[in-house]
Amino acid sequence: MSVKPARTRIAPSPTGHMHLGTARVALYDYLLAKQTGGQFVLRIEDTDIKRTVPGAEQEIMDGLRWLGLEYDEGPDVGGPYGPYRQTERREIYQSHAKILVDKGHAYPCFCTPERLDKVRQEQMKRKENPHYDGTCRNLDPDEAAKRIANGEPYTIRFKMPKEGVTVAHDHLRGDITTENKQLNDQVILKTDGLPTYHLAAIVDDHEMRITHVMRGSEWLGTFPLHVNIVRAFGWDEPVWIHLSVFLKPSGKGKMSKREAAQAMKDGYSIFIKDMQDLGFIPEGVLNWSALMGWGVAEDDVMTVAQMVDRFSIDSLTPSPAAINFQRLDHFNATHIRLMTTEDLAARLKPYFTREGLAVKDDVLIKIIPLIRERLTTLDDCISFGAFFFKDDVSPAPEDLIAKGLDAKQSAEIARRAYEILAAQSDISHERCEPPLRAYVEESGFNAGQVFGILRVATTGQKVSPPLFESMEVIGRDVSLRRVQKAIEILETM
RNA sequence: GCCCCCAUCGUCUAGUGGACUAGGACGCAGCCCUUUCAAGGCUACGACCGGGGUUCGAAUCCCCGUGGGGGCACCA
């Protein structure tokens, strides 16, 4: 079966941090493009200069690359349909706005923001729908031209049909019918000469040969406007796919600032940059977000390559999805376990370094099998493995006392363990475990007590990777030194 | 207020008129394994929003409620 290559685009505005919603749409765009042998395009929608924040565009590009969603065309890689930044396409929009005016589908409007605001407030007072009152809709063209020539500021508004209905087709919801009288004459070109989203996106999607437009369902409200603009130009429509929105974990409403702050307190975030810092991996984030809005029957642990194979716009779901961070943990941990030792080592290294630990590569490789299945996020490596890279550990004295025993008994155990370990020619776990177990048998203490003291002594913590394997990595000298120190602590208690 | 969209376990979802005793995953609970914490294995709990139709037959189609979400800017 041969399919037509799809051209898809992610079109974020650089107005803040790149978030999960953008990542998911980008993923679907990427999957469709790759599956069909088409292209995935990045377009920056920066037409609102006031809201543009410095660095946001870079964060989007970095975020996409971190996720592994390499775009085929974009501001920093170029492409045949550039430029890919809307502020650099000003003339294109202006000429297209003129086409619409000439065809009678749009008109200049001289209403001031102040007047518009007043009209809106009066309408609300009268319990009417806020809408443009049409003052400039039927202005005499000659008069309009004269006012423009006089330098009067103006916008261009799209002339919506007054009667009948607009039927717009969404791939997930079917035909959506809206009465035209509900529609408004929206501004498509602003006083500053830049377009609003409505014009810019439609023109660019056409100029850039986009075949499938995937976007959030918050665009459903202006969907009829958009198809009217496309039709006014006489262009073919792309396949429109309005994706479900993400709801906050409670399922009650969209993620808010407040909610985002709460997530951060719990060690989660909806911002891609944060997720990286928190130790989430692209595989986990992608797999997790892919499944919110895409119905996969079974085997839902997938690599991106597998997603490319299995993806279908037909199996996307239209209903809103509540964010579930516990599921993110699950997918993140699962993909960590799927990684090769070398790959995981390379990805863990920065997290150790970030903590100021001097990482020895040979040690790092050795500890991977010990900590891998204990990691939910990459930065968990600190709590499980920092002691491997420290000269010394500082166990809490009370932790050195085994359950049900006192300091004196614990010190006795530590001394015997020291002797046993010191008597071994090497500290491999094969060599050390049998005599220590024998000691457990003959001493009458239980394994938890004996090994617990050793664990705290050698790792400095009550929860750690497997004891004997850990000591083997730490080495004979360091292990003995740490046990010796524990004995001293216990003897002074 | 008006418009639009959505509706299966707590959550993400499978299901496209009979194969449904409604499947999977996360979480949760229990058990096994076990030197800690995990991982792994097994088991349990757990849903078709309500009411009307259509049909021999409805989770699946239609209508009306209800609930939830989104939108009504010279923002995207």
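Here is the naming used below: chain letters follow the sequence lines, and residue numbers restart at 1 for every chain. All values reported here derive from a predicted model rather than from experimental measurement.
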Any strand: nucleotide that pairs with B:rA19 via Watson-Crick or wobble, under 3.5 Å: none

Taking a pair to mean Watson-Crick or G-U wobble geometry with both distances below 3.5 Å, B:rG10 pairs with B:rC26

Using the ring of A:Phe110 (Phe, Tyr or Trp, six-membered ring only), decide whether A:Arg147 places NZ or CZ under 6.0 Å from its centre and within 45 degrees of its axis. yes

For A:Asp343, all residues meeting salt bridge (charged side-chain N to carboxylate O under 4.0 Å, His left out), sequence neighbours excluded: A:Arg347

According to the interplanar angle, ranging from 0 to 90°, do the rings of A:Trp294 and A:Tyr28 count as parallel (below 30°), tilted (30 to 60°) or perpendicular (above 60°)? perpendicular

Compare side-chain N and O positions of A:Thr317 against OP1 and OP2 of B:rU13 and report whether any pair is under 4.0 Å apart. yes

Of the nucleotides B:rC74, B:rA25, B:rG23, which has the atom closest to the A:Glu298 side chain? B:rG23

Using the P atom as the point on both nucleotides, what is the distance between B:rG70 and B:rC75, in whole Å? 22 Å

From the set B:rG27, B:rA76, B:rC3, return the single nucleotide nearest to any side-chain atom of A:Gln182. B:rC3

In this structure, which one of A:Leu100, A:Ile188, A:Val187 forms a side chain to side chain contact (heavy atoms under 4.5 Å, CB included) with A:Ile156? A:Ile188

Given the P atoms of B:rC9 and B:rG50, what is the spacing between them in whole Å? 10 Å

Can you tell me, in whole Å, how much space there is between the C1' of B:rA44 and that of B:rC61? 36 Å

Counting only Watson-Crick pairs (N1-N3 plus N6-O4 or O6-N4) and G-U wobbles (N1-O2, O6-N3), all under 3.5 Å, who is the partner of B:rC72? B:rG1

Counterpart base for B:rG50, defined by Watson-Crick or G-U wobble contacts under 3.5 Å: B:rC64

May I ask you to say what A:Ser319 touches in the nucleic acid, namely base, sugar-phosphate or nothing, with a heavy-atom cut-off under 4.0 Å? sugar-phosphate

B:rA73 and B:rC20: how far apart are their C1' atoms, nearest whole angstrom? 50 Å

Expressed in whole Å, how much space separates the C1' atoms belonging to B:rG65 and B:rC26? 33 Å

What's the gap between B:rG46 and B:rU66 when it is taken at their P atoms, as a whole Å value? 31 Å

Which nucleotide in B:rA76, B:rU13, B:rA25 has an atom nearest any side-chain atom of A:Thr196: B:rA76

Compare the minimum distances between each of B:rC74, B:rC26, B:rA76 and the side chain of A:Thr222, then state the nucleotide with the smallest one. B:rA76

Quick one, give me the B/S/- string for nucleotides 38-49 of chain B, reading 5' to 3', where B means a protein heavy atom under 4.0 Å from the base and S means that only happens at the primed atoms, P, OP1 or OP2. BSS---------

Side chain A:Thr155 and base B:rC74 donor-acceptor under 3.5 Å: no

Between B:rC3 atom C1' and A:Trp219 atom CH2, what is the distance in whole Å? 17 Å

Out of B:rC74, B:rG70, B:rG24, minimum distance to the side chain of A:Glu218 belongs to B:rG70

Return the nearest nucleotide to the side chain of A:Asp300; candidates are B:rC75, B:rG24, B:rC6. B:rG24

Can A:Arg137 be said to sit on top of A:Tyr107's aromatic six-ring, NZ or CZ under 6.0 Å from centre and within 45° of the ring axis? no

With a 6.0 Å cut-off on the ring centroids, do A:Phe468 and A:His429 count as close? no

Within residues 238-256 of chain A, find the residues that approach RNA chain B with a heavy atom at under 4.0 Å, and present them sorted by residue number. A:Val245, A:Lys252, A:Gly253, A:Lys254

CA sep, side-chain torsions, deciding dist, call: A:Thr376, A:Asp329, side-chain hydrogen bond (donor to acceptor under 3.5 Å, both in side chains): CA-CA 6 Å; A:Thr376 297; A:Asp329 280 341; 5.6 Å; no

Counting only Watson-Crick or G-U wobble pairs whose two distances fall under 3.5 Å, which nucleotide matches B:rA44? none

With the threshold set at under 4.0 Å for non-hydrogen atoms, list the residues of residues 456-466 of chain A touching RNA chain B in residue-number order. A:Lys462, A:Val463, A:Ser464, A:Pro465, A:Pro466

Quick one: list whatever passes side chain to side chain contact (heavy atoms under 4.5 Å, CB included) with A:Asp170, sequence neighbours left out. A:Leu172, A:Arg173, A:Ile176, A:Phe223, A:His242

So, with a heavy-atom separation below 4.0 Å from RNA chain B, the residues of residues 41-51 of chain A are A:Glu45, A:Thr47, A:Asp48, A:Arg51

Looking only at the side chain of A:Met292 (C-beta and beyond, no hydrogens), which of the listed nucleotides B:rC12, B:rG27, B:rC74 gets closest? B:rC12

Indicate whether OP1 or OP2 belonging to B:rC3 is found under 4.0 Å from a side-chain N or O atom of A:Lys181. no

Quick note, A:Asn324 side chain, CB onward, closest among B:rA76, B:rC12, B:rU11 is B:rU11

Using the P atoms only, state how far B:rC33 lies from B:rG27, rounded to an integer number of Å. 22 Å

When rounded to the nearest Å, what value does the distance between C1' atoms of B:rC4 and B:rC28 take? 37 Å

